[in-house]
Amino acid sequence: MPEAAAHVASGKVREIYALDDERLLLVASDRISTFDVVLPTEIPDKGRVLTGLSGFWFARTRPLVANHLLGLRADGRSTECRRLAMLPLECVVRGYLSGSGWKDYRATGNVCGHALPAGLVESAQLPEPIFTPSTKAQEGHDENIDRARAVELVGEERFQEVERVSLELYRFASDYAAARGIVLADTKLEFGLDADGTLVLADEAFTPDSSRFWPAEEYTPGGPQPSFDKQFVRDYCESLGWEKTPPGPELPDEVVAGTRARYVEAFETLTGIGFDAYLADPEVVLR
Ligand code: Q0Z
C-alpha cells in the first residue's frame with residue numbers, strides 16, 4: 001500500500017499517488033470496463049497483467065526512447081515512475097482501421113488528415129501505420145485531431161519527435177506481437193517531458209487497455225474483430241440486452257475465469273514469462 005502517499009488522480013481502472021515531488025505510484029486495479037462502463041465485478045490479477053506487460057515493454061523499448069519507469073513493486077500492480085510534465089496529446093498509432101479511425105474513414109475517407117486509399121473495409125490493414133493523435137477529453141471520448149491542431153498543442157519540433165518515436169514504438173511492438181500470433185491493431189501512447197525537456201514515454205504501454213489486441217488466427221477483415229481480452233465480457237453483456245449505461249451487470253464466474261485466462265495468456269504469449277514467475281518477482285519482466 002502507498003503508506004503516506006497522497007492520492008493524485010483516478011482513472012476508470014487505475015489510481016495515481018504521489019510518492020514525493022519527483023515520483024508517482026501508478027496502481028492498476030482489477031476493475032474492468034466495457035462499453036465505457038466500469039463493471040461491479042473485478043477480474044482477479046488483471047491489474048498485475050497490465051502492470052507486468054507495461055513494464056516488459058518499457059524495458060524493451062528503452063533503446064528507442066527514455067521512459068518513466070523506475071521500478072515495479074512486489075504487489076505486481078504498482079509502478080514507481082518519474083513525475084513528468086505530460087504533453088496534452090494522446091499519441092495514437094493505427095496499423096489497422098478500427099474504432100474511431102474506421103468511423104472517420106467511413107464518413108470522410110480520411111483519418112486525422114491522412115488520406116487513405118478508397119475501398120478499405122473495417123479492420124483492414126493500412127498500407128503503412130499512421131500517427132493519429134487525439135486530445136484528452138475531460139468527459140467522454142478523446143477527440144481525433146489533425147496535424148495542424150496537434151502542432152498548435154505541442155509545437156512543430158515536438159510534434160515531429162512524438163510522431164517519429166510513436167511510429168518507431170508501434171513498429172517495434174507490432175512486429176514483436178505479430179511473431180507471437182497477436183495483431184496489435186493500434187495503440188495509444190502518452191509522453192511527458194522531464195526537467196531537461198527530454199521526451200519520456202509514460203503511463204502504460206502496449207497493454208490490452210491501451211491497444212487493440214486481436215488473435216492473428218481469427219483475423220478476418222470486413223467487420224469488427226473479437227478482442228483478445230474483453231470478448232467474453234462484451235458477448236455476455238450483449239446477451240443480457242443491457243443498455244450500456246451505468247450500472248453495469250455483475251459477471252458470472254465462468255465469464256470472470258475465461259477473461260482472467262485470456263489476460264494471463266496475453267501476458268505469457270507476449271513476454272514468454274510464466275505468470276507465476278511474475279507473481280513471485282514482478283521485476284522479472286524488466287530483465
Ligand atoms: C498519467 C492516469 C492513472 C489516472 C497523469 N509519469 C507521469 N508523470 C505525470 N503524470 C502522469 C504520469 Cl504517468 C499521469 N496520467 C494518466 C493514470 C490514473 C490517470 F493511473 N495522468
Side-chain angles (χ1 to χ4, degrees), residues 1-3 5-34 36-39 42-43 45-62 64-73 75-93 133-143 145 150 153-154 158 161-162 165-166 169 173 186-211 229 263 282-283 285-286:
M1 271 277 100
E3 266 324 320
H7 185 247
V8 170
S10 291
K12 278 205 297 249
V13 301
R14 298 178 301 157
E15 309 291 337
I16 309 185
Y17 300 87
L19 295 172
D20 55 42
D21 289 350
E22 286 158 12
R23 296 179 310 141
L24 297 176
L25 190 70
L26 258 60
V27 182
S29 74
D30 291 337
R31 298 193 292 273
I32 187 167
S33 67
T34 190
D36 287 326
V37 175
V38 177
L39 301 181
E42 297 192 331
I43 306 299
D45 294 322
K46 171 179 178 279
R48 293 188 175 90
V49 165
L50 269 51
T51 299
L53 271 176
S54 260
F56 174 82
W57 291 115
F58 281 133
R60 269 135 199 95
T61 60
R62 234 187 250 284
L64 300 180
V65 63
N67 65 62
H68 78 163
L69 184 136
L70 295 170
L72 300 179
R73 290 210 167 166
D75 65 9
R77 64 172 72 255
S78 305
T79 305
E80 294 187 5
C81 60
R82 290 194 278 155
R83 183 179 222 153
L84 305 166
M86 299 300 288
L87 296 181
L89 211 60
E90 306 275 355
C91 292
V92 177
V93 179
S134 59
T135 52
K136 302 172 200 197
Q138 292 301 79
E139 194 93 334
H141 279 122
D142 297 344
E143 182 191 349
I145 56 175
L153 290 170
V154 300
R158 195 64 80 178
E161 187 182 16
V162 294
V165 170
S166 296
L169 288 166
D186 53 34
T187 195
K188 180 168 77 182
L189 302 167
E190 291 201 43
F191 294 91
L193 305 180
D194 69 12
D196 304 335
T198 301
L199 187 72
V200 181
L201 179 64
D203 207 48
E204 60 179 334
F206 304 112
T207 69
D209 276 8
S210 65
S211 314
D229 49 309
Y263 278 105
E283 292 202 336
V285 297
L286 307 182

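Both counts, for ligands and for their atoms, begin at 1 and track the order of listing.
- The 12-atom threshold is exceeded at CG of Asp196, counting heavy atoms of other residues, nucleotides or ligands nearer than 6.0 Å.
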**OP:** Show the numbers, then the answer: is there a salt bridge (charged side-chain N to carboxylate O under 4.0 Å, His left out) between Asp229 and Lys46?
**Re:** CA-CA 10 Å; Asp229 49 309; Lys46 171 179 178 279; over 6 Å; no

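- The side-chain heavy atoms of Val27 and Tyr17, taken from C-beta on, include a pair separated by under 4.5 Å.
- Looking only at atom types and distance, the side chain of Glu143 has no donor-acceptor partner in the side chain of Ser134 under 3.5 Å away.
- Taking a heavy-atom cut-off of under 4.0 Å, ligand 1 is surrounded by Ser10, Gly11, Arg14, Glu15, Ile16, Leu24, Leu26, His68, Cys81, Arg82, Arg83, Leu84, Met86, Asp203.
- Applying the side-chain hydrogen bond (donor to acceptor under 3.5 Å, both in side chains) test to Ser166 and every residue at least two apart in sequence or in another chain returns nothing.
- Taken from CG in Leu201 to SG in Cys81, the straight-line distance is 11.0 Å, to the nearest 0.5 Å.
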